[in-house]
Trainee: 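So that we are looking at the same thing, I have put the structure below in structure tokens.
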Protein chains: 2
Amino acid sequence: MLEAKLEDAGILKKLIDAIKELVTDANFECSEEGITLQAMDNSHVALVAVKLVQSGFKKYRCDRPMPLGVNVGSLTKVLRCAKDDDTCTLRAADEADVLNLTYEPKNSDRVAAYDLKLMDIDSETLGIPKTSYEARVVLSSAEFLRIVRDLSQLGDSVRIEVSKEGVRFASDGEAANGSVLLKGQGPIGKVEQEKKEKKDDDEEGEDEDADGDKKKEKKTKVKKEKDGDEDVEMDDDEAADEDGEEEKEDDEEDDDDDEGSKKRKKKARLSKSSPKASKKAKTASSSKSKKGKSKADDDDDDKDAVLIQMNSHVSLTFSLKYLVNFSKSSNLTRKVELYMSNDVPLLVSYTFGEGYVRYYLAPKIGDD
Amino acid sequence: MLEAKLEDAGILKKLIDAIKELVTDANFECSEEGITLQAMDNSHVALVAVKLVQSGFKKYRCDRPMPLGVNVGSLTKVLRCAKDDDTCTLRAADEADVLNLTYEPKNSDRVAAYDLKLMDIDSETLGIPKTSYEARVVLSSAEFLRIVRDLSQLGDSVRIEVSKEGVRFASDGEAANGSVLLKGQGPIGKVEQEKKEKKDDDEEGEDEDADGDKKKEKKTKVKKEKDGDEDVEMDDDEAADEDGEEEKEDDEEDDDDDEGSKKRKKKARLSKSSPKASKKAKTASSSKSKKGKSKADDDDDDKDAVLIQMNSHVSLTFSLKYLVNFSKSSNLTRKVELYMSNDVPLLVSYTFGEGYVRYYLAPKIGDD
DNA sequence: CGGTCTGGAG
DNA sequence: CTCCAGACCG
């Protein structure tokens with residue numbers, strides 16, 4: 001038996017809306033930890049992984065693991081019947097053949113209930129590409145959307161290149177070639193992946209601060225939860241310090257190394273961990289560094305700030321069609337994280353208060 | 001070598017957006033005076049003339065005249081990649097086969113650069129219809145847009161009639177007929193075209209004076225600046241003299257034979273007539289005529305004010321489809337000027353700080 | 001949230 | 001070629 005109450009139906013609406021063009025049918029795997037969905041897109045080129053953590057719900061109960069096979073198109077129709085700020089409750093009996101969705105405005109006696117027919121869907125087990133990367137870029141989700149949308153007008157694919165210069169998105173087309181270079185806001189550090197703690201609602205996710213460049217020693221593994229969802233982590237060789245913390249220091253400038261600055265933000269992501277506190281700390285430390293980087297930590301850092309971490313230069317080419325599609329998730333959170341390593345699938349991750357949506361896309365082969 | 005920096009890419013975006021449905025390919029003629037473009041619409045019914053004056057750029061350099069043949073659709077795509085307030089720089093080397101467009105947000109480390117492929121385009125020399133008119137109407141561009149859009153729902157064409165009563169836009173359709181009458185805000189004066197005085201920024205713009213172009217033989221020489229620009233001026237031949245009174249309306253009444261009247265207007269159309277001198281004279285005379293024109297000059301009149309000047313009654317019928325299309329330029333400036341003479345193409349002119357866009361449209365023959 | 005425009009399907 | 005649906009923009 002499942003009963004999951006979301007404070008705002010909007011989250012679910014945006015989430016499903018973002019993936020509906022990629023996935024037509026999928027199993028919502030419900031367990032006591034939350035609800036996950038993983039699916040290959042219709043053409044089996046991209047992989048979508050969604051998670052709504054139990055803690056993201058106002059109320060959550062799931063007695064036993066159960067897969068709910070839904071037609072995403074049908075679910076979209078049902079979700080359109082909810083207003084963004086309606087409270088939305090999902091219910092399914094064990095072995096049920098319908099998923100019940102109830103919408104209740106926060107101040108009203110109205111109650112709308114829908115029963116979505118379920119279907120049996122083969123759980124094709126999907127291999128999540130990898131969990132450590134040579135480069136990580138965190139940027140405004142709106143900017144990423146803008147870039148891929150712009151470039152998609154010129155050509156079909158984009159070459160994403162992370163170098164000391166920054167991150168460059170370039171596309172060649174019949175009528176014109178285009179290139180967008182983002183400098184990054186501070187020294188380029190090694191990849192670290194803690195992205196987790198929950199900051200405020202939409203922002204969280206990315207407070208990773210810039211840790212300047214520390215050497216690569218710290219790696220970061222994000223892994224969080226116990227069971228291992230796929231977490232992202234950078235592969236920095238030596239790194240490995242305990243995952244708990246990443247050392248994100250602040251200084252991007254001279255990076256003084258993060259002496260104590262690195263706090264533990266990472267794990268927080270799934271586990272709730274202590275959000276605010278850590279963030280605060282970080283902010284302070286960073287502030288001391290040079291001028292501006294303060295932004296790094298403050299989650300509300302200016303939305304234009306771009307964080308770039310890389311262990312080695314990467315250059316990959318991807319289909320813009322998919323990236324544009326992934327970018328529909330921009331309305332879920334203000335930041336997006338790109339994880340790349342040469343010759344392996346790109347991970348585009350949107351983390352928000354209640355969970356995340358991650359997209360994996362294989363690079364085009366002939367990429368330079 | 002061309003290097004032209006516009007403070008805001010928005011101007012160019014709106015400009016190109018406005019003409020993209022009329023023109024598919026065109027030469028941007030760059031010279032030290034600025035950039036001009038002249039082209040017939042795809043069906044050769046309308047003519048578009050654009051000018052961006054050198055002084056409208058934040059920085060402008062063009063060592064030698066050069067035509068840049070661009071596909072307007074491609075340019076539109078590239079311009080869509082710019083935000084309205086981005087600084088936009090156009091660059092082209094001599095003999096280059098690409099036009100480089102660089103966009104830089106005013107506060108950011110982002111730099112986007114696009115190379116638009118150029119093409120060779122035959123400079124079909126275009127004959128700018130005429131330079132003097134029997135009637136001039138200046139009205140809010142938004143109002144003009146509204147009128148033609150409204151009427152376009154009823155029928156395919158509109159009869160524009162300028163009389164002592166004001167200016168009337170009328171359309172007959174299957175289901176309904178419609179008519180919009182604008183009174184004009186003051187007495188109707190003679191046409192005067194000095195509009196060149198600089199009025200407020202968005203108004204002036206075309207100081208190039210009119211030398212109109214004479215018969216089509218000059219056709220294009222766009223390059224040559226001086227002689228070529230098309231300038232608008234009214235042809236008040238007779239008007240000038242006695243213009244004081246507008247008895248002209250009567251003529252059209254019986255116009256038919258009005259040998260005299262017709263012909264002269266005819267000729268006006270093709271011949272360029274004497275520019276400056278006449279104009280000056282005219283202006284003076286006109287001013288003395290009724291009082292109305294006073295406002296004429298003050299262009300900044302309230303935006304709803306409609307200025308009407310006419311030497312003789314005019315009544316012409318045009319395709320609404322084109323007028324609606326021309327009206328896309330409404331977002332460039334608050335005022336639009338309509339210049340008309342019986343049986344010659346209408347001139348719809350939008351003048352803004354950096355230059356102007358002018359559209360010429362031949363009247364429908366069977367107009368009443 | 002609503003309106004307009006573009007793309008896809010019949 | 002027209003109509004309907006989806007996406008994008010204001």
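Below, all heavy atoms of this structure are taken into account, side chains as well, without hydrogens, waters or symmetry copies. Chain A is the first sequence line, chain B the second, and so forth, proteins listed ahead of strands; every chain is numbered from 1.
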Trainee: Distance check needed: C:dC1 P versus A:Asp84 CG, whole Å only.
Mentor: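 In whole Å, C:dC1 P lies 5 Å from A:Asp84 CG.
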Trainee: Salt bridge between B:Lys14 and B:Asp17, side-chain N to carboxylate O under 4.0 Å?
Mentor: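 Judged by the 4.0 Å cut-off on N to carboxylate O distance, B:Lys14 and B:Asp17 do not form a salt bridge.
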Trainee: Let me know the distance between CD of B:Gln153 and P of C:dT4, rounded to the nearest Å.
Mentor: 10 Å
Trainee: Tell me whether the centres of the aromatic rings in B:Tyr103 and B:Tyr114 are closer together than 6.0 Å.
Mentor: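 Between B:Tyr114 and B:Tyr103, which both carry aromatic rings, the centre distance is below 6.0 Å.
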Trainee: Thinking salt bridges, do B:Lys13 and B:Asp84 make one under a 4.0 Å N-O criterion?
Mentor: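 Salt bridge present between B:Lys13 and B:Asp84.
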Trainee: Looking at residues at least two apart in the chain, or sitting in another chain, which of them share a salt bridge (charged side-chain N to carboxylate O under 4.0 Å, His left out) with A:Asp85?
Mentor: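 Not a single residue meets the salt bridge (charged side-chain N to carboxylate O under 4.0 Å, His left out) criterion with A:Asp85.
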Trainee: Under 3.5 Å, side-chain donor or acceptor atoms of residues 4-11 of chain B against the rest of the protein: list the pairs with distances, not counting sequence neighbours.
Mentor:
residue : atom : partner  : partner atom : Å
B:Glu7  : OE1  : B:Lys58  : NZ           : 3.1
B:Asp8  : OD1  : B:Lys106 : NZ           : 2.8

Trainee: What are the atom names and distances for every N/O pair under 3.5 Å that joins the protein to nucleotides 8-10 of chain D?
Mentor:
residue : atom : partner  : partner atom : Å
D:dC9   : OP2  : A:Arg149 : NH1          : 2.5

Trainee: Separation of A:Asp86 atom CG from C:dC1 atom P, in whole Å?
Mentor: 10 Å
